[in-house]
Amino acid sequence: MSLSHHSPSSDIILRINGTSHSLTIDNRTTLLDVLRERLGLTGTKKGCDHGQCGACTVLVDGERVNSCLMFAVTAEEREIVSIEGVAALPDGGGELHPVQRAFLDHDGLQCGYCTPGQICSAIGALGEAGRGWPSHVTEDTAAGVADASALDAREVRERMSGNLCRCGAYNGIVEAVLEAAGAQGAQDTATVGGAR
């Protein structure tokens, strides 16, 4: 007697970067694998595949998500933006999103492998700050932050701590996020790679 291990599949429609994609997928397939292997959107990187490095970060309904931890079937009827769609966001202007431009201007990258995830995470983090969400280092967590421009380097380091850069471009990343936020506060990036 042989046992057949049939994995159920689903017909879903994923809306990615403004385009709807009709797919039949195994229910266990991650959003990361659908993006890279089924749709050819290889800007989103597979780093650790355990949600620990942030290389696979995308935006789902404007929130940053580790796509390696999200089943694609749970993303149906949600708005997904990968690095390929960032420039087309309302604040993107069509060519480069302000966060992308800031990463270039501040050398917030070296090899570039983690950069798509860093950029998507930064956009998500700035959106969270824009909604007043506090971080672990926010002085008054009940009050939150006034907006993204109120962030300082310490806040940015904490908010971006889920995204690793093996090249160590943290100083440039923090400066880029601060510029994109319009932050005028302290920009002490001397300990960016240090303890959080």
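Sequence positions, counted from 1, serve as the residue numbers for this chain. Here the structure is a predicted model, which is why all the values come from computation and not from measurement.
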Which of these, L32, I16, V86, L35, sits in a side chain to side chain contact (heavy atoms under 4.5 Å, CB included) with V58?
L35
Tell me whether S67 contacts the main-chain N or O of C56 through its side chain, where contact means a donor paired with an acceptor under 3.5 Å.
yes
Applying side chain to side chain contact (heavy atoms under 4.5 Å, CB included), name anything that partners D105, two or more places apart in sequence or on another chain.
R101, E179
Shortest non-hydrogen contact from C120 to S82?
SG-C, 4.2 Å
Are side-chain heavy atoms of M160 and V174 found at a separation under 4.5 Å?
no
Please say whether more than 12 non-hydrogen atoms of neighbouring residues, nucleotides or ligands are located less than 6.0 Å from CZ in F71.
no
Rounded to the nearest 0.5 Å, the CG atom of L14 sits from the CD1 atom of I12 at a distance of 3.5 Å
Start with the C-alpha gap between L69 and T30, add the side-chain angles, then the distance that decides, and say whether side-chain contact (heavy atoms from CB on, under 4.5 Å) holds.
CA-CA 7 Å; L69 296 180; T30 65; over 6 Å; no
CZ/R166: more than 12 non-hydrogen atoms of other groups inside 6.0 Å:
no
Which atoms form the tightest heavy-atom contact between A72 and I25, and what is the distance?
CB-CD1, 3.5 Å
Would you say the side chain of F103 lies within less than 4.5 Å of the side chain of L96, judging by non-hydrogen atoms?
no
Any side-chain heavy-atom pair of I83 and I119 under 4.5 Å:
yes
Under 4.0 Å between a Lys/Arg side-chain N and an Asp/Glu carboxylate O for R131 and E63?
yes
Considering residues at least two apart in sequence or located in another chain, which fulfil the salt bridge (Lys or Arg N to Asp or Glu O under 4.0 Å) criterion with R28?
D26
For C68, is there any backbone N or O sitting under 3.5 Å from a side-chain donor or acceptor partner on N66?
no
How many angstroms lie between OG1 in T74 and CG in L31, if you round to the nearest 0.5 Å?
7.5 Å
For T24, what residues pass the side chain to side chain contact (heavy atoms under 4.5 Å, CB included) criterion, not counting sequence neighbours?
S9, D11
State, with a plain yes or no, whether a side-chain heavy atom of V60 is found less than 4.5 Å away from one of M70.
yes
Given the options E155, R157, E128, E158, S135 meets side-chain hydrogen bond (donor to acceptor under 3.5 Å, both in side chains) only with E155
With side-chain contact (heavy atoms from CB on, under 4.5 Å) as the criterion, how do L41 and R36 come out once you've worked through the C-alpha distance, each side chain's angles and the decisive distance to 0.1 Å?
CA-CA 5 Å; L41 297 171; R36 290 184 58 79; over 6 Å; no
Please tabulate, one pair per line, all N/O donor-acceptor pairs under 3.5 Å involving side-chain atoms of residues 43-55, not counting sequence neighbours.
residue: K45; atom: NZ; partner: T42; partner atom: O; Å: 2.8
residue: K46; atom: NZ; partner: D33; partner atom: OD1; Å: 2.8

Counterpart residues, side-chain hydrogen bond (donor to acceptor under 3.5 Å, both in side chains), relative to E79 (two or more places apart)
R15
Under a 3.5 Å threshold, yes or no: a donor from one side chain and an acceptor from the other, between T19 and N17?
no
Could you check whether any side-chain heavy atom of V177 comes within less than 4.5 Å of a side-chain heavy atom of L126, counting everything from C-beta outward?
yes
Close side-chain approach of I173 and T115, heavy atoms under 4.5 Å:
no
Starting at SG of C114, measure out to CG of N163 and round the result to the nearest 0.5 Å.
7.5 Å
Where is the tightest heavy-atom contact between S149 and G182, given as atom of each residue plus distance?
CB-O, 3.8 Å
Does either side chain, that of T57 or that of R64, offer a donor lying less than 3.5 Å from an acceptor on the other one?
no
Where do L23 and L39 land on the side-chain contact (heavy atoms from CB on, under 4.5 Å) test, with the steps shown first?
CA-CA 10 Å; L23 302 160; L39 299 176; 4.1 Å; yes
Take Y170 and V156 through the test side-chain contact (heavy atoms from CB on, under 4.5 Å) and record every step on the way to the result.
CA-CA 10 Å; Y170 294 111; V156 171; over 6 Å; no
Between Q100 (side chain only) and H97 (backbone N and O only), is there a donor and an acceptor less than 3.5 Å apart?
yes
Go through the structure and list residues passing side chain to side chain contact (heavy atoms under 4.5 Å, CB included) with A129, not counting sequence neighbours.
V145, A148, L151, R159
Under a single-linkage definition using a 4.5 Å side-chain heavy-atom cutoff for Ile, Leu, Val, Met, Phe, Trp and Tyr, are V65 and I80 assigned to the same hydrophobic cluster?
yes
